Chemist: 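I have a structure here, written as structure tokens, and I will follow up with some questions on it.
Letters go in sequence order (proteins before strands), and every chain restarts at 1. Everything numeric in this text was worked out from a predicted model, so none of it was measured.
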Amino acid sequence: MNDKRLEHINISAFQEDLLRWYEENKRDLPWRENNDAYRVWVSEIMLQQTKVDTVIPYFNRFMEKYPTVYELAEADQQDVLKQWEGLGYYSRARNLQTAVREVVEAYDGKIPEDPKQLGDLKGVGPYTKGAILSIAYNQPIPAVDGNVMRVFSRVLHIEEDIAQSSTKKLFEHYVEEMISKEDPSSFNQAIMDLGATICTPKQPMCMFCPVMEHCQAYVEGIQDRLPVKKKAKKQQKKKYIALLIQNKEGKYVIEKRPDSGLLAGLWQFPMIPADDIVKKDWQPWLQENYGLDVEINESCTSIKHVFSHIIWNVDVRKASTNEETVQDSRLEFVSLEELKKYPFPVPHQKMIPFLEE
DNA sequence: AAATCGGGGCC
DNA sequence: GGCCCAGATTT
């Protein structure tokens with residue numbers, strides 16, 4: 001392995017300066033109350049691609065409702081998705097519950113300390129495995145996320161594109177070399193806190209950095225140009241007509257999305273893909289796809305929703321039907337009160353206020 | 001290796 | 001509008 005980048009750094013001094021800073025400045029976060037592996041696990045799953053401030057209220061509610069692996073293992077999946085509602089990347093919730101059930105069945109409820117067993121659990125990838133092993137079990141294993149790549153791209157002046165999947169292995173190698181063997185838990189968490197509070201993506205506060213004298217990018221004055229990351233391509237746009245369909249009893253039609261793909265297992269108001277279906281074909285399309293005879297009214301609002309790879313433009317319309325039962329197994333008629341128990345994606349949550357008017 | 005999979009907050 | 005976020009899984 002090419003270790004020329006390590007020749008300019010005093011590893012033990014780096015560790016010492018970093019850990020001293022962390023002891024003084026570590027953030028007070030709910031999942032740091034103790035090192036219980038289940039709490040660490042839940043927090044790490046929630047924190048994937050998600051900001052700390054967003055996660056905190058979700059984490060607190062989740063731990064209150066599912067304090068141990070046993071409560072989560074026995075829970076109804078729809079209830080778990082309801083707890084996850086608004087947090088995004090819903091496969092995280094389904095995979096977490098699948099994995100927790102595996103831990104209860106195969107490991108008597110004890111989260112494995114063995115890297116192989118832990119990494120084989122659903123939704124536990126290289127990062128989460130390293131985070132749990134280091135934070136909960138104090139094993140000197142790398143946990144390479146965006147923070148770690150940003151910090152070490154600067155400290156070691158690494159110009160490899162961090163958007164490439166192969167690049168992560170390079171960082172894992174360097175973290176293995178540099179991680180504190182005495183306190184790997186604090187080391188990994190310290191790098192994350194440093195990346196979140198000082199070694200930030202834009203305008204890093206190098207003057208407050210505990211390891212500035214160890215940082216190659218700071219010495220060279222190039223911290224603003226690291227890390228290197230290839231641009232993401234633009235999202236594809238899709239148009240839909242969403243229908244708030246009410247029947248004579250005042251109930252509304254909702255639809256469960258498929259078990260895989262975007263927003264899997266969540267509920268929504270029926271949508272017509274408007275890119276594919278022209279206006280004159282709306283009625284026959286609804287009859288064909290849902291078995292519903294619907295009268296459609298004028299638009300009441302429009303909603304734009306940006307996903308990572310798609311942009312939805314949804315024209316929302318009230319509609320009525322004479323049906324009282326549904327033929328399609330994906331559909332249900334629900335009252336406004338009942339509807340609140342179902343997990344909805346955010347763009348459809350924004351339609352709910354228009355039901356009451 | 002690239003695409004999929006949410007949503008919010010920042011500039 | 002683009003970018004980033006305590007990434008994993010599928011293609």
Chemist: Once the angle between the rings of A/His305 and A/Phe307 is folded into 0 to 90°, is it parallel (under 30°), tilted (30 to 60°) or perpendicular (over 60°)?
Modeler: perpendicular

Chemist: Between B/dG8 and C/dA8, how far is it from one P atom to the other, in whole Å?
Modeler: 22 Å

Chemist: Kindly assign one of parallel, tilted or perpendicular to the pair A/Tyr342 and A/Trp267, based on the angle between their ring planes and the thresholds 30° and 60°.
Modeler: perpendicular

Chemist: Identify the pairs formed between an N or O of the protein and an N or O of nucleotides 1-4 of chain B at a distance under 3.5 Å, and give each distance.
Modeler:
from	atom 1	to	atom 2	distance (Å)
B/dA2	OP2	A/Gln164	NE2	3.4

Chemist: Report the distance from atom CD of A/Gln235 to atom C1' of B/dG8, rounded to the nearest whole Å.
Modeler: 14 Å

Chemist: With a 4.0 Å cutoff (strictly under), does any side-chain N or O of A/His305 reach OP1 or OP2 of B/dG7?
Modeler: yes

Chemist: Send over the distance from A/Trp312 CH2 to B/dG8 C1', rounded to a whole Å.
Modeler: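 Rounding to the nearest Å, CH2 of A/Trp312 and C1' of B/dG8 are 17 Å apart.
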
Chemist: Grab the CG-P distance between A/Asp53 and B/dG8 for me, whole Å please.
Modeler: 14 Å

Chemist: Are A/Trp84 and A/Tyr58 an aromatic pair, judged by ring center distance below 6.0 Å?
Modeler: no

Chemist: Send over the distance from A/Glu85 CD to B/dG8 P, rounded to a whole Å.
Modeler: 11 Å

Chemist: How far, in whole Å, is C/dA6 from B/dC11 if one measures between their C1' atoms?
Modeler: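 Approximately 23 Å lies between the C1' atom of B/dC11 and that of C/dA6.
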
Chemist: To the nearest angstrom, how far is A/Trp84 atom CH2 from B/dC5 atom C1'?
Modeler: 13 Å

Chemist: Measure the distance from CD on A/Gln203 to C1' on B/dC10 and round it to the nearest whole Å.
Modeler: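 Spelled out: CD on A/Gln203 to C1' on B/dC10 is 12 Å.
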
Chemist: Would you indicate what A/Leu87 reaches in the nucleic acid, counting non-hydrogen atoms under 4.0 angstrom: base, sugar-phosphate, or nothing?
Modeler: base

Chemist: How would you summarise protein contacts on nucleotides 5-11 of chain C per nucleotide, using B for base, S for sugar-phosphate only and - for none, with heavy-atom distances below 4.0 Å?
Modeler: BBBSSS-

Chemist: Hey, can you pull the donor-acceptor pairs under 3.5 Å for the side chains in residues 136-145 of chain A, sequence neighbours left out?
Modeler:
from	atom 1	to	atom 2	distance (Å)
A/Tyr137	OH	A/Lys110	NZ	3.1
A/Tyr137	OH	A/Ile111	O	2.6
A/Asn138	OD1	A/Ser185	N	3.4
A/Gln139	NE2	A/Glu113	O	2.9
A/Asp145	OD1	A/Asn147	N	3.3
A/Asp145	OD1	A/Val148	N	2.9
A/Asp145	OD2	A/Asn147	ND2	3.4

Chemist: Does a donor on one side chain sit under 3.5 Å from an acceptor on the other, for A/Arg92 and A/Thr50?
Modeler: yes

Chemist: Under 6.0 Å between ring centres: does that hold for A/Phe62 and A/Tyr66?
Modeler: yes

Chemist: Quick one: do the A/Asn247 and A/Thr321 side chains pair a donor with an acceptor below 3.5 Å?
Modeler: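 No donor-acceptor contact under 3.5 Å links the two side chains.
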
Chemist: For A/Lys304, report the nucleic acid contact type (base, sugar-phosphate, nothing); a contact means any heavy atom under 4.0 Å.
Modeler: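 Sugar-phosphate contact only.
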
Chemist: Would you mind checking if A/Lys341 and A/Glu338 are paired as a salt bridge, meaning a charged N to carboxylate O distance below 4.0 Å?
Modeler: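 Looking at A/Glu338 and A/Lys341, the cut-off is not met.
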
Chemist: Regarding A/Lys234, tell me which of base, sugar-phosphate or nothing describes its non-hydrogen contacts under 4.0 Å with the strands shown.
Modeler: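 Sugar-phosphate only.
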
Chemist: Base, sugar-phosphate, or nothing: which does A/Pro227 touch, judged by heavy atoms less than 4.0 Å apart?
Modeler: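 It contacts nothing in the nucleic acid.
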
Chemist: Just do the side-chain contact (heavy atoms from CB on, under 4.5 Å) check on A/Lys256 and A/Gln268 with the steps written out, would you?
Modeler: CA-CA 6 Å; A/Lys256 190 180 187 188; A/Gln268 66 178 19; over 6 Å; no

Chemist: For A/Gln236 and C/dG1, give me the distance from atom CD to atom C1', rounded to whole Å.
Modeler: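 It works out to 18 Å between those atoms.
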
Chemist: Sticking with atom C1', work out how far B/dG6 lies from C/dC5, rounded to a whole angstrom.
Modeler: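 Their C1' atoms lie roughly 12 Å apart.
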
Chemist: Of all the heavy-atom pairs spanning A/Trp282 and A/Ile277, show the shortest one and how long it is.
Modeler: NE1-O, 3.6 Å

